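Remember, predicted model here, so these are calculated numbers, not experimental data.
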Amino acid sequence: MEDKIKDLTRGDITGHLYRIALPIMGTSFVQIAYNFTDMIWLGRLSAQALAAVGAASVFLWIAASFALINKVGSEVTISQGIGAGRRDEAKAYASQNVCMSLLVSLVMLVVYLLGSGFFLDLYALTPSVRAEGLSYLYLSLLGFPSIYLAASLTGLYNAIGDSRTPFRISILGLGANMLLDPLFIFTLGWGSSGAALATVVSQALVLLLFLGQVRRDKLFGGFPFLVRLRWQYVRRILQIGVPPASLQVLFALVSIYIGRQVSALGGYIGVATMTTGAQIESLTWNTATGVTEALTTIVGQNFAADKLRRVYRAFCRALSFTLIVGVLGTLLFVFWGEEIFALIVPEEAAYKAGAVYLGIVGLSQAFMMLEITAEGLFYGLGRTYLPAAVSIVGTYLRIPMVFLFASWGWGIQAVWWAISISSILKGLTMLFFFLRWRRRTQAEREAEALTH
């Protein structure tokens, strides 16, 4: 139905931003709730189970990162097609993105079937933890097609300004996961394998609901999922989608390296602290990511329509919101970190270590908001390579920082400070690039006005 496709080049920018962002934020929190549901139940099973699943989850994160190729690809290519008034092009990109996402999922499935054991060995886990993590990882592979296809369809709905549909579907998937987790983990006694199966079943439900919704909506008059890929579209999708996907993969690889250091310095408590702490920290960055995805869609349509003033206003509105989130995150993590961590892991050694982690990374929350919000702007412009480059360089700085701080005798806190300081640097760098881009575009507009 064509009325599902929203024109974001007109009307109130703030209204558009929050109308799109709030459901996306809700969807992000649903994903957090997925992870928290698993971790809360597994935390009550044992800290070892939590460490095993946490280690496996890093590699699942890498796999899911490749889904960004077609999620971001859909958001940018389809929104720019709509903004430029080229609906046929937007429809073609919808088909190409969905078909590509299925092929990528099958490739990743084969890679993980062959390499899961080697991947987990990078963490230098104890044999029992490794075996439990490997079982979780193998079972999770069943959900790969669902993850990739649902991601591309989420990007499609975000691009047309209808973020409520992915939110409603995600809520139903969360409900299924919350019901199945205790059943599979405790009632049936499947432990961490039960958590994996509960997630896979929920992901399959989400995909089925998406497929049914797309069929009912008949977006762009209906579009096929299985098509012959055309290089002119694939190349554009790859140009847009590969940088953010690469960013996430490289970020995860740094996390694996740091995870080895944490495992050596703090054992399974250290691993549980880092993986669980990252999930808690996701409360802030997932909120910002929701605003960022809305910003990407709004910027994509308005930039394609040559309405730069609306692009500037959208960025400023988004940044004002995310900075508030960052400040609140700092207050919560610094002053109530122990209480928050204890809700997830009741083991005293774990939640006391977690409080130290949250207290240190909490200092960087506002700067993280700067980075993520500017990322949404440049994604909408189709310049996904810039935020990816900044984030990759900033993230890899953590490795020499860990060595330096550890040489000063900081112990495991060397890792936490490296994470926090690098986030501060990335935020300031992205703010610099935004200001430079704005000055440049204003100068170009003034020069163009003078020539006319």
Does any non-hydrogen side-chain atom of [Y] lie less than 4.5 Å from one of [X]?
X      : Y      : answer
Phe167 : Leu22  : no
Cys99  : Leu229 : yes
Phe119 : Ile62  : no
Leu106 : Tyr148 : no

Side-chain donor or acceptor of [X] paired with backbone N/O of [Y] under 3.5 Å:
X      : Y      : value
Ser420 : Ile360 : yes
Ser74  : Gly155 : no
Thr297 : Asn158 : yes
Ser152 : Val98  : no
Thr395 : Ile392 : no
Lys91  : Gly222 : yes
Ser364 : Ile424 : no

Any chance you could lay out the side-chain hydrogen bond (donor to acceptor under 3.5 Å, both in side chains) test for Thr296 and Glu75, step after step, and finish with the verdict?
CA-CA 7 Å; Thr296 296; Glu75 289 171 345; 5.1 Å; no

Looking at [atom1] of [X] and [atom2] of [Y], how far apart are the two atoms once the value is rounded to the nearest 0.5 Å?
X      : Y      : atom1 : atom2 : answer
Met100 : Tyr93  : CE    : OH    : 11.0 Å
Ile20  : Leu295 : CD1   : CG    : 10.0 Å
Leu404 : Ile399 : CG    : CD1   : 14.0 Å
Arg383 : Phe303 : CZ    : CZ    : 5.5 Å
Glu281 : Ile340 : CD    : CD1   : 11.5 Å

For atom CZ of Arg164, is the number of surrounding heavy atoms from other residues, nucleotides or ligands below 6.0 Å larger than 12?
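Not more than 12 within 6.0 Å, no.
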
With a sphere of 6.0 Å drawn around CG of Leu114, does it hold more than 12 non-hydrogen atoms of other residues, nucleotides or ligands?
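Buried by this count: over 12 neighbours within 6.0 Å.
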
Do you know which two heavy atoms are closest between [X] and [Y], and how far apart they sit?
X      : Y      : answer
Leu141 : Leu109 : O-CD1, 3.3 Å
Ile82  : Ala90  : CG1-CB, 4.2 Å
Val356 : Trp416 : CG1-CD1, 4.2 Å
Thr292 : Glu375 : CG2-C, 4.3 Å
Ile298 : Ala314 : CG2-CB, 4.0 Å
Val291 : Ala318 : CG1-CB, 3.5 Å

Carefully, step by step, assess Ser146 and Val206 under the rule side chain to side chain contact (heavy atoms under 4.5 Å, CB included).
CA-CA 8 Å; Ser146 299; Val206 166; over 6 Å; no

Polar side chain donor-acceptor pair, [X] to [Y], under 3.5 angstrom:
X      : Y      : result
Ser135 : Ser193 : yes
Glu371 : Ser391 : yes
Lys71  : Ser101 : no
Thr165 : Gln213 : no

Pairs involving residues 379-404, ordered by first then second residue, that meet ring pair (Phe, Tyr, Trp, His ring centres under 6.0 Å) (sequence neighbours left out)
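Residue pairs passing ring pair (Phe, Tyr, Trp, His ring centres under 6.0 Å), neighbours aside: none found.
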
Pick out which of Asn97, Leu103, Leu156 makes a side chain to side chain contact (heavy atoms under 4.5 Å, CB included) with Asn70.
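Exactly one option meets the side chain to side chain contact (heavy atoms under 4.5 Å, CB included) with Asn70, and it is Asn97.
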
Working for side chain to side chain contact (heavy atoms under 4.5 Å, CB included), residues Met108 and Ile147:
CA-CA 11 Å; Met108 293 304 299; Ile147 292 171; over 6 Å; no

For this output row, return yes or no: ring centroids of [X] and [Y] closer than 6.0 angstrom.
X      : Y      : value
Phe59  : Tyr112 : no
Tyr357 : Phe341 : no
Phe378 : Phe433 : no

For Phe225 and Leu102, run side chain to side chain contact (heavy atoms under 4.5 Å, CB included): C-alpha distance rounded to whole Å, both residues' side-chain angles, the deciding distance at 0.1 Å, then the answer.
CA-CA 9 Å; Phe225 285 6; Leu102 177 59; over 6 Å; no

Only pairs under 3.5 Å count here: list side-chain donor-acceptor contacts from residues 231-253, not counting sequence neighbours, and write none if there are none.
unit_1: Gln232; atom_1: OE1; unit_2: Arg230; atom_2: NH2; d: 3.3
unit_1: Arg236; atom_1: NH2; unit_2: Gln80; atom_2: OE1; d: 3.3
unit_1: Ser246; atom_1: OG; unit_2: Val242; atom_2: O; d: 2.8
unit_1: Gln248; atom_1: OE1; unit_2: Trp61; atom_2: NE1; d: 3.1

So Trp336 and Leu358, side chain to side chain contact (heavy atoms under 4.5 Å, CB included) or not? Walk me through it.
CA-CA 9 Å; Trp336 290 283; Leu358 290 178; over 6 Å; no

